[in-house]
Amino acid sequence: MNYSHLYFTDSFFSTGQKDIFTKNKEIVGKLDLKSAFTSTIDVLDLQDNILISGKFPIFSNRWVVTNQMGEELGFVRARFSFFVKKYEYTAHKRGIYRIESETFSKTYEIFTEKGKRVGQFKKVNSFFATPAFEMRQDKEDIEIGEMIAVVMGVNAIQKRSHSAANSTV
């Protein structure tokens, strides 16, 4: 995929394949949400070939991103912070990317270790009937399919955190 501004959907009980769209609603790939009971995803091209995958390994709070051969490209994890939502994507051999958002904001920015912004994503509800993500890539430091898996990792970590918080009540 060679697009810098994409839209894709996710919702709590979604399973199956969801289209990945450009701004002009051109379908450029698919997001395969494997199961309503796990957070595993695949980013597919238009021929249904797996480009990138993401999942939580057993007993782990890290979201692991792998390529089509199953090789680990990196992992996403939450970072503790007051007043700001922070995550970190450790891209093996390529550095660490910070993912940050203000407390009540739905917009997240992705930065290199040196503070250069490489992308942004936000939760939007107007493009699709179900909750959706709008993602923009500023710099090609992270391949676009990999960036989709990172966004879905942040979303999966948030879902897991909210689920754990609600189960303790």
Side-chain angles (χ1 to χ4, degrees), residues 1-10 18 20-23 28-34 38-45 50-124 127 131-164:
M1 268 184 268
N2 196 15
Y3 301 92
S4 62
H5 199 137
L6 298 174
Y7 296 85
F8 46 95
T9 64
D10 179 47
K18 307 291 182 185
I20 300 171
F21 291 88
T22 65
K23 243 180 155 177
V28 296
K30 298 176 186 170
L31 183 61
D32 190 358
L33 307 169
K34 304 303 256 177
T38 67
S39 300
T40 303
I41 61 104
D42 289 329
V43 178
L44 310 171
D45 64 15
I50 296 173
L51 302 174
I52 301 288
S53 298
K55 68 178 182 177
F56 288 114
I58 297 173
F59 305 117
S60 176
N61 288 324
R62 297 181 324 149
W63 174 264
V64 175
V65 177
T66 58
N67 64 16
Q68 62 271 37
M69 289 151 316
E71 299 166 334
E72 188 173 316
L73 298 175
F75 61 88
V76 179
R77 64 182 173 171
R79 303 302 295 167
F80 182 76
S81 168
F82 292 109
F83 308 115
V84 176
K85 295 178 273 187
K86 284 189 178 187
Y87 300 86
E88 190 174 88
Y89 177 55
T90 301
H92 302 312
K93 301 178 185 174
R94 293 175 288 142
I96 297 173
Y97 295 87
R98 293 185 341 265
I99 304 160
E100 298 178 357
S101 176
E102 297 298 321
T103 303
F104 298 108
S105 175
K106 293 183 178 187
T107 301
Y108 295 78
E109 295 184 305
I110 304 170
F111 299 96
T112 64
E113 289 175 287
K114 295 180 180 177
K116 179 176 70 169
R117 191 175 103 164
V118 296
Q120 170 187 337
F121 64 95
K122 62 183 170 180
K123 290 184 181 182
V124 294
F127 192 81
F133 292 97
E134 175 185 350
M135 186 185 79
R136 285 195 291 203
Q137 181 186 39
D138 298 338
K139 307 273 187 226
E140 294 185 18
D141 287 34
I142 304 173
E143 190 271 325
I144 198 78
E146 183 178 2
M147 192 177 282
I148 291 170
V150 169
V151 170
M152 294 305 293
V154 169
N155 188 51
I157 291 168
Q158 288 176 343
K159 283 182 181 179
R160 190 179 259 196
S161 175
H162 291 304
S163 177

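In this text the structure is predicted, and so the values were computed from the model without any measurement. For reference, positions follow the sequence shown, starting with 1.
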Q: In sequence, state the C-alpha distance, the side-chain angles, and the governing distance for L73 and Y89, and then conclude on side chain to side chain contact (heavy atoms under 4.5 Å, CB included).
A: CA-CA 10 Å; L73 298 175; Y89 177 55; 3.9 Å; yes
Q: Can you tell me if W63 uses its side chain to pair, donor with acceptor, with the backbone of A149 under 3.5 Å?
A: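 Yes; at least one donor-acceptor contact below 3.5 Å.
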Q: Could you grab the distance from atom CZ of R136 to atom CD of E109, nearest 0.5 Å is fine?
A: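 The CD atom of E109 is 9.5 Å from CZ of R136, to the nearest 0.5 Å.
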Q: Tell me whether K85 contacts the main-chain N or O of I99 through its side chain, where contact means a donor paired with an acceptor under 3.5 Å.
A: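 No.
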Q: Charged N to carboxylate O below 4.0 Å: is that the case for D141 and K116?
A: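 Between K116 and D141 there is a salt bridge, with a charged N closer than 4.0 Å to a carboxylate O.
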Q: Is it the case that E134 and H5 place a side-chain donor and acceptor less than 3.5 Å from each other?
A: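 Yes, a side-chain donor-acceptor pair sits under 3.5 Å.
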Q: Ignoring hydrogens and angles, tell me if any N or O in the side chain of D42 forms a donor-acceptor pair with the backbone of L44 under 3.5 Å.
A: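 A pair under 3.5 Å: no.
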Q: For the pair K30 and D32, find out whether any cationic side-chain nitrogen is under 4.0 Å from an anionic carboxylate oxygen.
A: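 Result for this pair is no, no salt bridge flagged.
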Q: What's the separation between atom OG1 in T107 and atom CD in Q120, rounded to the nearest 0.5 Å?
A: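 Here the rounded value is 5.5 Å.
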Q: What pairs with H92 under side chain to side chain contact (heavy atoms under 4.5 Å, CB included), at least two apart in sequence or on another chain?
A: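 Counting only residues at least two positions away or on another chain, H92 forms a side chain to side chain contact (heavy atoms under 4.5 Å, CB included) with E72, F75, T90.
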Q: Looking at every non-hydrogen atom in both residues, tell me the closest pair between I96 and E113 and how far apart they are.
A: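 The answer is O-CG, 3.0 Å.
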Q: So which heavy atom on L51 is nearest to which on Q68, and how close?
A: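 L51 and Q68 have their closest heavy atoms at O-OE1, 3.1 Å.
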Q: Do you know which two heavy atoms are closest between T22 and Y7, and how far apart they sit?
A: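 Shortest heavy-atom separation between T22 and Y7 comes out as O-CD1, 3.8 Å.
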Q: List the steps, then state whether side chain to side chain contact (heavy atoms under 4.5 Å, CB included) holds for V118 with Y97.
A: CA-CA 9 Å; V118 296; Y97 295 87; 4.1 Å; yes
Q: How long is the span from the CD atom in Q137 to the OG atom in S4, to the nearest 0.5 Å?
A: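 So the CD of Q137 and the OG of S4 are separated by 7.0 Å.
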Q: Excluding sequence neighbours, so at least two apart, what forms ring-ring contact (aromatic ring centres under 6.0 Å, His included) with F59?
A: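 Counting only residues at least two positions away or on another chain, F59 forms no ring-ring contact (aromatic ring centres under 6.0 Å, His included).
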Q: Do you know which two heavy atoms are closest between A156 and F56, and how far apart they sit?
A: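 Heavy atoms only, the tightest pair is CB-CE1, 3.7 Å.
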Q: What I'd like to find out is whether the side chain of T103 reaches to under 4.5 Å of the side chain of V84, using heavy atoms alone.
A: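 Of all side-chain heavy-atom pairs linking V84 with T103, none is under 4.5 Å.
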Q: So, do M135 and M147 sit near enough that their side-chain heavy atoms are less than 4.5 Å apart?
A: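 A side-chain contact exists here, since the closest heavy-atom pair is under 4.5 Å.
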Q: For the CD1 atom of I50 and the OG1 atom of T66, what is their distance to the nearest 0.5 Å?
A: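 Nearest 0.5 Å value for the CD1-OG1 distance: 8.5 Å.
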Q: May I ask you to check whether E102 and Y108 show a side-chain donor-acceptor distance below 3.5 Å?
A: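 No - no donor-acceptor pair under 3.5 Å links their side chains.
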Q: Can you name the closest pair of heavy atoms from Q158 and Y87 and give their distance?
A: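 Nearest heavy atoms, Q158 then Y87: CG-OH, 3.1 Å.
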Q: Spell out, as yes or no, whether a donor-acceptor pair under 3.5 Å connects the side chain of T9 to the backbone of A132.
A: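 Not at all, since once roles are kept as given, no pair shorter than 3.5 Å links the two residues.
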Q: Taking NZ, NE, NH1 and NH2 as the nitrogens, is one of them in E146 or R94 under 4.0 Å from a carboxylate oxygen of the other?
A: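 Yes, this pair counts.
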Q: CD1/I148 to CD1/I52 distance, rounded to the nearest 0.5 angstrom?
A: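 I148 CD1 to I52 CD1: 9.5 Å, rounded to 0.5 Å.
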Q: Got I110 and F121 here, is their nearest side-chain heavy-atom distance under 4.5 Å?
A: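 Yes; the side chains approach each other to less than 4.5 Å.
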Q: Working to the nearest 0.5 Å, report the span between NZ of K106 and CZ of F133.
A: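 With rounding to 0.5 Å, NZ (K106) is 10.0 Å from CZ (F133).
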